[in-house]
Every structure is written in C-alpha cells, then in structure tokens.
Amino acid sequence: MIVTFTDFGVEGPYMGQMRAVLLKEAPGEDVVDLMIDAPAFNPKASSYLLPAVLEPLASAFVCVAVVDPGVGGARCPVILRCGERWYVGPDNGLFEMIARRAETAAEWWEISWRPERLSASFHGRDLFAPVAARLACGGEAALAGIATPVDLDRSVYDDWPADLQEVIYIDGYGNCMLGVRWDAATPIESVVTDSVTVAPAETFSDVSPGSAFCYRNAIGLVEIAVNQGSAAVQLGLQIGSQVAVRKLSGK
Amino acid sequence: MIVTFTDFGVEGPYMGQMRAVLLKEAPGEDVVDLMIDAPAFNPKASSYLLPAVLEPLASAFVCVAVVDPGVGGARCPVILRCGERWYVGPDNGLFEMIARRAETAAEWWEISWRPERLSASFHGRDLFAPVAARLACGGEAALAGIATPVDLDRSVYDDWPADLQEVIYIDGYGNCMLGVRWDAATPIESVVTDSVTVAPAETFSDVSPGSAFCYRNAIGLVEIAVNQGSAAVQLGLQIGSQVAVRKLSGK
Amino acid sequence: MIVTFTDFGVEGPYMGQMRAVLLKEAPGEDVVDLMIDAPAFNPKASSYLLPAVLEPLASAFVCVAVVDPGVGGARCPVILRCGERWYVGPDNGLFEMIARRAETAAEWWEISWRPERLSASFHGRDLFAPVAARLACGGEAALAGIATPVDLDRSVYDDWPADLQEVIYIDGYGNCMLGVRWDAATPIESVVTDSVTVAPAETFSDVSPGSAFCYRNAIGLVEIAVNQGSAAVQLGLQIGSQVAVRKLSGK
C-alpha cells in the first residue's frame with residue numbers, strides 16, 4: 001500500500017497527477033490519499049501530525065509525504081525506513097517525529113536519482129512518487145543506484161519537543177488538534193488557551209451544546225472541541241496557537 | 001465492491017483512514033467514496049438520499065454508511081442485507097428507507113464484535129470498516145461470531161412517510177434535491193416552496209437563465225434547480241426546508 | 001488506466017457514481033480522478049488545459065472528459081483516438097487541442113449506442129463512463145456496434161488559436177494558468193495583464209514575498225503567480241481574463 005500525505009488540496013491536477021504517476025509505476029497497487037490538507041508551509045506541525053495519522057494503518061506501507069517549504073530547496077530529498085514502513089519526501093523536518101519515535105532504528109537514504117524532467121515546483125509528482133512506486137514494487141533492492149545510505153544530521157531539530165503544545169491541525173468542523181499525544185499527557189487536568197481553560201471529557205455528547213472540552217481524539221491526540229460548534233471560531237484558535245496542557249498534580 | 005456514504009468531508013484524515021482500513025482488511029477490493037457530504041447530523045434526510053444514490057450501482061456490493069447522531073450512541077451497530085446488497089452502519093434510521101423499499105426481505109444483524117481499540121468518535125474506521133471488509137471478502141459466512149440475527153423494532157420510524165416533502169440535499173451548484181421519488185409523484189403539476197411555485201421541465205436548457213423549475217434529477221428524485229443559478233440562494237432553501245409536491249389532478 | 005477530467009467537484013454523488021459505473025464495467029481497472037474542477041461551462045478553456053494535464057501520464061489510457069455546455073445537447077457524443085490514447089466525451093470543442101496537436105492522426109467516432117436509461121443531466125455516468133470502460137477492457141474491438149467512424153467537421157473551431165492568451169484555470173492557491181505553452185512562447189520578456197506587467201522567474205523562491213511573476217508551471221503552461229500570495233486576488237484575474245505574453249525581441 002502507498003499512502004500520501006500532502007498539502008495539495010483537492011483542487012487542480014496535483015493529486016490526480018501524482019496518483020497517475022504512482023499507478024503508472026506501480027500498477028494495481030492500493031493508493032490511499034491519507035491527507036490532502038496537511039498544514040501548508042508548516043513541516044513542524046506536520047511532523048507531529050504524521051505519526052498520529054499513520055498509526056491505525058497496516059504495519060507495512062510506503063508513505064510519500066510533501067509539505068513545503070524545503071521541497072525543491074537546497075536540502076536533499078530523502079528516504080526514511082522504520083521497520084517495514086518507508087517514507088519518501090523532503091528533508092525539512094517532516095519526518096522528524098516519525099524517526100525519533102521509531103521502535104526500530106531509523107535508517108536514512110539521500111535520493112541521488114533525478115528524473116529526466118524535473119519541474120521546479122512539483123517534486124511530489126516528478127521525484128517522490130516514482131521513488132515511492134519503486135519501493136512499493138521492489139523494497140530495499142529498488143534503492144540500488146538511486147539512493148545512498150546516509151547518517152543524517154538531525155541536530156537542527158534538537159529543540160523540537162517530544163510533544164508540541166500548539167494547535168497543529170484544524171478539521172472541517174473546527175476541531176483543534178494539538179501536537180500532544182493523549183497517552184503522554186494523561187491524566188489531564190485542563191488545557192489552557194489564550195482565552196479559556198477547558199476540561200477533559202470522554203466525547204462530544206458528554207458536554208452540553210456550545211461547551212468546549214478536550215478529549216482523546218480518534219488519532220490519539222489531545223483535541224479541543226465544542227459540542228455542535230467550532231472550537232476554532234469560538235476560541236479564536238488557529239494552527240500555531242500556543243496552548244498549555246496541564247497534568248493532574250500528583251500523577 | 002465496497003461503497004462509502006458519509007458526512008466526513010474531504011478535509012482531515014477521516015476518509016483516508018477509513019479507506020486504509022478497508023484496503024488493509026480487503027486488499028485489492030474496489031472502494032468507491034460514493035458521497036462524502038451526506039446531510040450531517042440528519043440520518044432522516046440521509047435515509048431518503050441513500051437508496052437514490054445507490055440505485056445505479058451493481059446489484060452486489062457492501063455499503064458502509066456513517067451519519068451522526070446515533071453513531072457511538074446507545075443503539076447497537078447493525079448490518080442490513082437486501083439480496084446481494086449489504087449495509088453496515090449505525091441503527092439510527094439511516095437504513096430505514098433501504099429496508100422498507102427492499103424487494104427482497106430485509107434481514108438485520110446486530111454487530112456484537114468490538115475491535116481491540118475502539119475510539120469514542122470514529123466508529124466508521126474502527127468498527128464499521130472492518131466489518132464491511134469482512135463481508136466484502138467472505139459474505140454471510142464472515143458474520144459467524146461477530147454478529148447476531150435480530151428482529152429489529154422499526155416502529156420508531158413508523159411516522160416517516162414513503163416520500164419526504166423536504167429538501168434533503170443541496171449540491172455544489174445549489175440544486176435542491178427533495179426526498180420525493182419522481183416516479184412516485186409524477187405527473188407533477190408544481191412544487192410549492194415558502195416563496196415560490198415552480199413548474200416541471202425536462203432539463204436546464206428548457207427554461208430561461210435565472211428561472212427556477214423542477215425536474216427528474218439524475219438519481220430519480222424531484223429536484224428544484226435554477227438554470228445558470230443557485231436554487232438554494234435564489235429561493236432561500238436549505239436542508240430541511242418544507243415543500244409541497246402537487247400532482248396534476250385527475251391523474 | 002482510466003482517467004477522468006470533469007467539472008463535477010467533490011460534493012454530491014457525481015464523481016462517486018461515475019467511478020462506481022466505471023468499476024462495475026471495468027472491475028479492477030485503475031481509475032484516477034485527474035481533475036474534478038475543470039473550468040465549468042467553458043469547454044474552450046478546458047480544451048487548452050486538458051493536454052497539459054494529461055502530458056505526464058502513461059502513453060496508453062482512456063480519458064473520459066465532461067464539461068458543459070454541449071453535454072446532452074444536440075451534438076453527438078464522440079470518441080477520439082490519438083495513438084494509444086482514447087478520449088470519450090461531448091463534441092463541444094473539449095478535445096479540439098488534443099486532436100490538433102496529436103502526433104499521430106486523430107481518429108473520430110460518433111457514439112451511436114444509448115443506455116437503457118439515459119438521464120437528462122448526467123451523460124457522464126450513463127453514456128460516457130460505460131463506453132470508456134468498454135474501451136479500457138476491449139480497445140478498438142469494443143467499438144463494434146456502439147460507435148461509427150466519422151470525419152468530424154472541425155471548422156467550427158478554426159478560429160481557436162494555437163495557444164490561448166487567457167487565464168484558463170486558477171488553482172486553490174490563486175495561481176493563474178494561461179492557455180499558453182511555455183515552450184511555444186519562450187523566451188518570454190513579460191506577461192501583461194490589465195493591471196500589471198510581470199517578468200519571468202524560475203520559481204517562487206526567486207522573487208520576494210508578495211511579488212508577482214510568471215514561470216513555467218508543472219504542467220508546462222505559462223502561469224502567473226505571487227510568492228506567498230494569491231495572484232488571482234492581487235491582480236484581479238479570473239478565468240477568461242485576457243493577457244498578452246510578450247516574447248523577447250530578436251529571439
């Protein structure tokens with residue numbers, strides 16, 4: 001299975017062309033668009049979102065992930081392997097939390113192969129998709145001649161915390177996901193934003209309509225939500241808004 | 001073939017994760033997202049929309065349908081079988097019109113199986129998708145040990161009419177679909193809304209630009225439309241707006 | 001591979017139903033939604049967009065394309081063949097630039113087959129999709145009895161230029177694609193709109209934030225963009241806006 005994680009949106013030819021290239025190079029492979037609205041121009045927020053989104057999947061897959069900036073920039077396109085899971089994309093921090101949290105050793109490759117025609121603005125289609133398709137078809141053997149094992153310098157991301165106390169994603173309902181794993185923060189006393197303090201609840205129906213709360217969302221993150229309302233609008237939150245997740249004392 | 005009918009939208013990881021689970025459990029199966037914008041929080045409107053949307057499909061499929069409320073609530077998740085068509089979802093009325101209009105006897109099961117990890121807010125991914133995948137792969141034999149045949153009490157929906165004289169869906173162009181099958185209402189004299197009375201026409205090009213009319217839409221429902229305009233905006237209609245479909249007298 | 005190029009959007013049952021029909025008739029075939037937001041009601045703009053969008057694909061495919069007007073109108077539904085590439089859709093100019101630029105002779109058929117049930121408003125699902133599926137499964141042999149070779153009169157499109165100096169598509173970021181192939185216009189001195197004159201650049205990072213420029217976009221067209229901004233909003237451009245692409249003199 002090949003899964004995509006991008007900020008391309010559904011408009012335009014972008015997802016369609018990338019999928020067409022994936023299926024041209026890996027015919028019959030299952031291709032799943034996991035997210036098409038990853039936080040644009042924010043590889044840091046995306047880095048905390050990616051492992052959560054991928055968690056329920058099968059243990060083996062190839063993930064092709066593209067979030068600007070960095071794509072097409074000076075830093076080399078890379079491949080990351082954690083066990084049977086492969087990741088293909090830009091070296092801009094997007095895979096940082098995947099690598100750091102991996103149970104098996106994270107192995108890195110730099111992609112040396114370049115396509116005959118490489119557009120200035122669409123490396124997802126021209127570079128990352130063909131490499132992902134080869135990995136899906138041939139596994140590690142497919143890397144011969146197109147990528148070089150490297151000992152990547154991760155120190156540039158040393159100051160990224162284990163969990164990020166920020167809003168990293170807002171869904172279509174206005175629910176605000178934090179870069180904080182529920183299981184790493186529990187038991188939670190409250191989450192404090194610029195304007196309010198919200199208490200935890202099990203799910204939407206446990207609070208009255210219009211009330212804000214936090215809960216363990218379906219991908220294991222702390223999420224701020226409003227029953228039958230938009231937390232983003234009601235609490236004035238956006239991607240990047242700082243929050244403080246407070247643990248119950250004595251726990 | 002597995003088809004999905006949900007109110008998840010294209011944003012966020014929701015459709016992608018459900019599709020990934022479906023393909024993990026039923027590799028290579030054709031999966032079609034039939035609708036991703038079913039009327040949210042309105043299983044009654046969805047119940048009149050679902051049979052119309054499914055009508056042009058093959059005679060055999062598994063449909064996994066999720067529309068709140070009721071999902072994750074007190075009522076048991078269910079399976080409905082009508083001939084070679086299977087339906088998996090919440091018991092909140094969503095399948096009421098499918099069952100009532102079925103040519104073959106409708107058979108019901110309650111799903112007793114629960115996944116190892118069941119999130120509070122995403123039963124579509126955790127519960128309904130794995131069951132749908134098993135049905136797609138194994139048919140009725142797959143139900144052994146995970147579901148129990150039941151004689152469901154449908155009396156709670158006894159007051160739902162055969163056809164619903166309401167707007168049940170508004171598409172991206174502003175066309176307003178009614179919960180009324182054209183063939184059950186024909187010959188139509190007019191459709192009366194709060195503000196106007198519109199006459200039937202064959203299709204858009206039969207009326208002048210800006211004019212409202214009603215017609216048999218592509219899924220067999222009575223639809224109010226405006227040539228080169230938005231019926232929803234122009235006539236002030238929304239999902240749930242009451243209308244009256246008037247039959248030609250003497251017919 | 002079957003690819004779709006439509007103005008259906010992601011809302012409603014339209015894409016889902018067309019895909020379901022394609023997979024019912026051609027099970028297991030790879031189906032790619034290449035674009036779901038082609039310029040609505042503008043087959044001329046779509047005609048210049050289609051070859052650019054299809055360019056990176058495999059050399060063999062069936063493309064089913066639907067853009068109003070003309071669909072369901074008086075002109076016959078058609079099939080176009082250019083080598084191993086097949087096109088199915090309305091005869092409203094949508095395939096004009098594909099045919100004109102084809103390296104091999106363009107062959108046309110009129111589709112004489114009609115489905116048992118043909119809706120007034122959804123020929124994409126009822127007529128074009130079944131024909132496309134048969135072509136994907138059976139190639140030219142599938143046309144026996146359902147289509148007739150014709151020598152279509154293309155003179156109605158004689159005044160369409162080789163490249164169209166208009167905005168033909170605006171993506172979700174506000175980037176404005178022109179109907180002009182970069183390679184046909186290079187070396188470019190500037191692109192002149194009603195309000196500004198913009199100079200070429202290699203890519204976004206070559207100009208300062210907020211600056212407008214033109215560049216060779218990922219599908220080979222001249223595109224007007226603004227670094228970290230929306231060219232459409234900032235320059236007041238919309239689909240159909242006239243521009244002038246100026247070549248460097250002496251080249």
Side-chain angles (χ1 to χ4, degrees), chain B residues 1-11 15 28-39 46 49-61 63 169-177 182-183 200-206 209 213 215-221 223 225 227-228, chain C residues 1-2 4 6-33 35-38 40-42 66-75 90 92 115-130 133 136-137 172:
Chain B
M1 184 183 294
I2 300 172
V3 300
T4 69
F5 177 94
T6 73
D7 59 4
F8 294 171
V10 288
E11 296 177 306
M15 280 312 306
E29 188 77 19
D30 286 328
V31 178
V32 175
D33 297 340
L34 208 52
M35 286 195 79
I36 48 89
D37 64 338
S46 293
L49 186 57
L50 184 58
V53 170
L54 288 168
E55 203 275 327
L57 269 66
S59 55
F61 58 71
C63 170
Y169 181 74
I170 299 175
D171 74 11
Y173 305 98
N175 301 313
C176 298
M177 300 186 185
W182 182 272
D183 294 346
E202 184 75 17
T203 190
F204 288 75
S205 51
D206 291 345
F213 65 105
Y215 78 116
R216 186 192 204 280
N217 77 3
I219 57 173
L221 298 177
E223 180 171 302
N227 188 16
Q228 297 178 33
Chain C
M1 184 183 294
I2 300 172
T4 69
T6 74
D7 58 5
F8 294 171
V10 289
E11 296 178 306
Y14 309 110
M15 280 312 307
Q17 286 198 328
M18 193 158 93
R19 174 178 285 263
V21 169
L22 287 169
L23 290 170
K24 176 168 88 173
E25 305 288 335
E29 188 77 18
D30 287 328
V31 178
V32 175
D33 298 341
M35 285 197 79
I36 49 87
D37 64 338
F41 303 110
N42 196 333
V66 190
V67 173
D68 278 331
V71 180
R75 309 204 66 182
N92 61 5
E116 212 172 305
R117 292 171 58 179
L118 178 64
S119 65
S121 56
F122 200 179
H123 288 198
R125 177 194 66 192
D126 298 338
L127 179 56
F128 300 128
C137 295

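Just so you know, these numbers use all the heavy atoms, side chains as well, and skip hydrogens, waters and symmetry mates. Proteins get letters first, then strands, A, B, ... in listed order; numbering begins at 1 in each.
For B:Val53, the parts sitting under 4.5 Å from any heavy atom of chain C are the backbone and the side chain alike. Looking at C:Phe41, neither its backbone nor its side chain comes within 4.5 Å of chain B, counting heavy atoms on both sides. In this structure, chain C has a heavy atom under 4.5 Å from the backbone of B:Asp33, while its side chain stays farther away. Of the two parts of B:Ala52, only the backbone, made up of N, CA, C and O, holds a non-hydrogen atom closer than 4.5 Å to a non-hydrogen atom of chain C. Heavy atoms closer than 4.5 Å to chain C are found in the side chain of B:Tyr173, but not in its backbone. Using a 4.5 Å cut-off between heavy atoms, B:Tyr215 touches chain C through its side chain atoms alone. If you measure heavy-atom distances from B:Ile36 to chain C, the contacts under 4.5 Å come from the side chain alone.
Considering only heavy atoms from C-beta on, C:Arg125 comes within 4.5 Å of B:Ile219 through its side chain. In this structure, B:Phe204 and C:Asp68 have side chains that are not in contact, with every pair of non-hydrogen atoms separated by 4.5 Å or more.
Within the structure, salt bridge (charged side-chain N to carboxylate O under 4.0 Å, His left out) pairs that include any residue of residues 20-30 of chain C do not occur (at least two apart or interchain).
Atom CD of residue C:Gln17 and atom CG of residue B:Leu57 lie 7.0 Å apart, to the nearest 0.5 angstrom.
The greatest number of non-hydrogen atom pairs below 4.5 Å with chain C, out of B:Gly172, B:Ser205, B:Pro56, is found for B:Pro56. Taking C:Ser119, C:Gly28, C:Pro13 one by one and counting their heavy-atom pairs under 4.5 Å with chain B, the maximum is reached by C:Pro13.
Residues C:Glu11 and B:Tyr169 come closest through the heavy atom pair C-OH, 3.7 Å.
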